[in-house]
Amino acid sequence: MALTKEQIAQRIAKEVKDGYYVNLGIGIPTLVANFVRDDIEVEFQSENGILGMGPFPFEGEEDPDLINAGKQTITALPGASFFDSALSFSMIRGQHVDLTILGAMEVAQNGDIANWKIPGKMVKGMGGAMDLVASAENIIVAMMHTNRAGASKLLKQCSLPLTGVNCVKKIVTNLAVLEIKEDKFHLLERAPGVTVEEIKKATEGDLIIPTEVPEMSL
Amino acid sequence: MALTKEQIAQRIAKEVKDGYYVNLGIGIPTLVANFVRDDIEVEFQSENGILGMGPFPFEGEEDPDLINAGKQTITALPGASFFDSALSFSMIRGQHVDLTILGAMEVAQNGDIANWKIPGKMVKGMGGAMDLVASAENIIVAMMHTNRAGASKLLKQCSLPLTGVNCVKKIVTNLAVLEIKEDKFHLLERAPGVTVEEIKKATEGDLIIPTEVPEMSL
Amino acid sequence: MITKTVKNVTEACKGVKDGMTFMLGGFGLSGIPENAIAELVRLNVKDVTCISNNAGVDDFGLGLLLQKKQIKKMISSYVGENAEFERQMLSGELEVELIPQGTLAQRARAAQSGIPAFYTPAGYGTEVAEGKESREFNGKMHILEHAFKADFAFVKAWKGDTAGNLIFKGTARNFNPNMCGAANITVAEVEELVPAGSLDPNQIHIPGILVQRIFEGEKYEKRIEQRTVRKR
Amino acid sequence: MITKTVKNVTEACKGVKDGMTFMLGGFGLSGIPENAIAELVRLNVKDVTCISNNAGVDDFGLGLLLQKKQIKKMISSYVGENAEFERQMLSGELEVELIPQGTLAQRARAAQSGIPAFYTPAGYGTEVAEGKESREFNGKMHILEHAFKADFAFVKAWKGDTAGNLIFKGTARNFNPNMCGAANITVAEVEELVPAGSLDPNQIHIPGILVQRIFEGEKYEKRIEQRTVRKR
């Protein structure tokens, strides 16, 4: 069975290691915070200027001066810090953030990513995504394997305007976990009950399939 | 009579206007603070990270965490702020400081200044001087008109390694106040009792002398 | 101390003219200079270019200027939540330049710092890099970006003093400190204006030298864009 | 919170090796990482390059490393007050690269920020510009300067917490914040180490993400270089 969005987040949470500073994009990535083991120390950075981001506030405790990059009201954990946008992107550009998790519309087998613009449609902007993908050493893309029309989002080459080049290393979709190496997708794990054949069919780019493809554990 | 160092500082203090942020170099410039009118609002910046620098502390109140760029113990006035070196030089490079007063070994008629290095002698370094002269729109040089050997310090061309090019606008020496315009020294005022002839003799660079050269008032 | 206080928002916005470029602090609706924006609407200044991370919502923030068609061009990183913005953009009435958020912050900080240009990896290989110089440093490609130039910067702080010193609160800090001193005139509005000397000099985020005018805002709505809560 | 505390200065300096490049905070003797310097002397690490605004005095600060001839090269803006320094420099034992103070600060901040290079007017037309690219922006000449690269940054703060968050005091702040995160490993020593959560998150000057190791210094001499006072 293909994973739900929650399950994609759950699988990605296993990539979050003790001592990591993590930047979570909007959408599925935001859900990852809910699944991180609570016996490890992790801090979430939001590019609008907080490190040590906590959960949503209790009703009645919302503070307009305390939001995340999705403009949602949040809380600050003990030990948190606030800072300006320039220092925030110093953390990102200076590779002090250990892991960036974000969504994508397309990923190419050379690690290119497109997630900000569809020609002909209203363009909202790249926000911090271009800084994040250009700088992060460790980027995981969280997305559905195919789009609503059923077309693969894992391509030989992106068709949409790019957000960044040669930057994605790992992808977790509703069907599989894949790694990008030497300009190819490498299948690492498949979703429980999903066959290699299904994944192959849903992947337009070159897919390297090892003899053994374990089912992922959540 | 040629001015004393205190009198040079006193004359320069008249160039300090209401609302000015001022950076004072070491030596004669430091003395300027003592002569600024007390009916105007002026703030002194020290490039090691303070705005609103006050006088020396009372005996017993010295704080090792509160010094000026000359490493002297100082105080902070009410309304002062502390900041890091990068922001300090943002103030300087970003032309937020209104007036820079510093000493020089040589000034050329095109505004070049040399004040950091004498070949063959121990070089201590330029400190913040190169940033200051390269960025300030308003630089006044405070110095003696001639060196100890009696040679002019106002030259056609600097002989010493430069600190900055085309940057000095005004010079106050023990003999005169001069302006630099169109690659020439322009005599504006003479020290009380000093003749134009004496100034001419002490100036190696091209000197433009108007018909009337008023005596400076201190 | 040099005094930076002005009587009110009207005095603070003196000199604002049609065709000027403004920088405005804020992220979403958090930390936006509400009072200055209201005054710009009242002044009905036209054809302005706004450098601001976002463009407000339909009836708040920069959305208020958009409603009155005062904005000629927006330079932003994300302009999502605004139907009138979308209409004007699609009809070609509004020019929009989208730039990466970190580049926006750094171009402001560069302007503040007298750094005319710097290299950043953000946007290399994308349409953001088109027409820009690119260059390899440490085996990685970067593009050359320039400091912003603007006539006014409008920022909002939590507390300020009469010498123009500013302290920000929470994530309402965002771009506000980086825009101070990044334009010819910086106008700071604060929730609480105190006498110079009342703030701890160690805690001042932005020294008064980077602020030309300061005033206490008459009122702050501080609207919340996405009210998200959890159950007790 | 991610914990950055190490037991002591010895643990904090683990991994320090001959031939490495260190950045050290401080202006004169104010705000220098006294305990780390003492440990580097004890470790007798050799052939190091030190990026530091000054070089200490004969018997304190970096002067202590100079005495033991541990330093191969100094990158500084001003190295005035040190007879042994002068002797080693004139004899050619010590390599010295003098750079403008603002350029030093900005090269550190660039390293912290992932900005590989930037343009500055400081030093244009002087020997500092020799061999460097120069370029005109806004009618004014600038030179290209690069971010520093270093193995360790040693900084000193006033207070810090176990998450690595730092608060500085007075002008002892100086280069310390700019060097945090500007080297592979940043070691912060503080006068007072408190539990994470004890510091106001609005008042933190440097967030812990830019610090890898933090410890409370055993003792601080905080020597005054120029004791200047006025009469009561």
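Chain letters run A, B, ... following the sequence lines, proteins first and then strands; every chain starts at 1. This structure is a prediction, so every number in the text was calculated from the model and none was measured.
Per-residue heavy-atom pair counts under 4.5 Å with chain A were compared for C:Thr103, C:Leu98, C:Val96, and the maximum is reached by C:Leu98. Here A:Ser85 is the residue among A:Gly125, A:Ser85, A:Pro64, A:Gly60 with the most heavy-atom pairs under 4.5 Å with chain C. Note on A:Gly127, A:Ala129, A:Ala76: by heavy-atom pairs under 4.5 Å with chain C, the leading option is A:Gly127. Interface remark: of the candidates A:Lys71, A:Glu62, A:Glu47, A:Lys117, A:Lys71 forms the most heavy-atom pairs closer than 4.5 Å to chain C. Heavy-atom pairs under 4.5 Å with chain C were tallied for A:Ala80, A:Pro57, A:Ser81; the largest tally goes to A:Pro57. The greatest number of non-hydrogen atom pairs below 4.5 Å with chain C, out of A:Phe58, A:Trp116, A:Phe82, is found for A:Phe58. For chain A, the option among C:Gly102, C:Ala129, C:Pro177 with the highest count of heavy-atom pairs below 4.5 Å is C:Gly102.
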Let me see the working for C:Ser134 and C:His142 under side chain to side chain donor-acceptor pair (under 3.5 Å), right down to the final yes or no. CA-CA 5 Å; C:Ser134 64; C:His142 294 75; over 6 Å; no

Could you go through A:Asn23 and A:Thr100, starting from their C-alpha distance and side-chain angles, then the distance that decides it, and tell me whether this counts as side chain to side chain donor-acceptor pair (under 3.5 Å)? CA-CA 5 Å; A:Asn23 183 293; A:Thr100 292; 5.3 Å; no

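Contact annotation for C:Arg230: both backbone and side-chain heavy atoms come within less than 4.5 Å of a heavy atom of chain A. Heavy-atom distances place the side chain of A:Glu61, and not its backbone, under 4.5 Å from chain C. If you measure heavy-atom distances from C:Lys231 to chain A, the contacts under 4.5 Å come from both the backbone and the side chain. With a threshold of 4.5 angstrom between heavy atoms, A:Thr163 approaches chain C through N, CA, C or O but not through any side-chain atom. The contact between C:Asn54 and chain A is made entirely by side chain atoms (from C-beta outward), counting heavy-atom distances below 4.5 Å. There is no contact between A:Val133 and chain C, counting heavy-atom distances below 4.5 Å. If you measure heavy-atom distances from A:Ala69 to chain C, the contacts under 4.5 Å come from both the backbone and the side chain. The contact between C:Phe85 and chain A is made entirely by side chain atoms (from C-beta outward), counting heavy-atom distances below 4.5 Å. At a 4.5 Å heavy-atom cutoff, A:Ser88 makes no contact with chain C through either its backbone or its side chain. Proximity to chain A (any heavy atom under 4.5 Å) is shown, for C:Leu104, by neither the backbone nor the side chain. Residue A:Phe89 touches chain C through its side chain alone, counting heavy-atom pairs closer than 4.5 Å. Heavy-atom distances place both the backbone and the side chain of A:Leu66 under 4.5 Å from chain C. Proximity to chain C (any heavy atom under 4.5 Å) is shown, for A:Asn166, by neither the backbone nor the side chain.
The CD atom of A:Glu106 sits 9.0 Å away from atom NZ of A:Lys153, with the distance rounded to the nearest 0.5 Å. With values rounded to the nearest 0.5 angstrom, C:Glu34 atom CD is found 12.0 Å from C:Glu218 atom CD. Taking CG from A:Asp131 and CD1 from A:Ile92, the interatomic distance works out to 6.5 Å, rounded to the nearest 0.5 Å. Rounded to the nearest 0.5 Å, atoms OG1 (C:Thr171) and CG (A:Asn68) are 8.5 Å apart. Atom CG of C:Leu210 sits about 5.5 Å away from atom CD of C:Gln112, to the nearest 0.5 Å.
In this structure, a donor-acceptor pair under 3.5 Å is present between the side chains of C:Asn178 and A:Asp84.
For C:Arg223 and C:Phe60, the positive end sits near the middle of the six-membered ring, less than 6.0 Å away and at most 45° from its axis.
Looking at C:Lys72 and C:Glu95, no side-chain N of the basic residue comes within less than 4.0 Å of a carboxylate O on the acidic one, giving no salt bridge. Note on C:Lys169 versus A:Asp63: salt bridge recorded, some NZ/NE/NH1/NH2 to OD/OE distance being below 4.0 Å.
Within a 6.0 Å radius of CD in C:Glu221, other residues, nucleotides and ligands contribute more than 12 heavy atoms.
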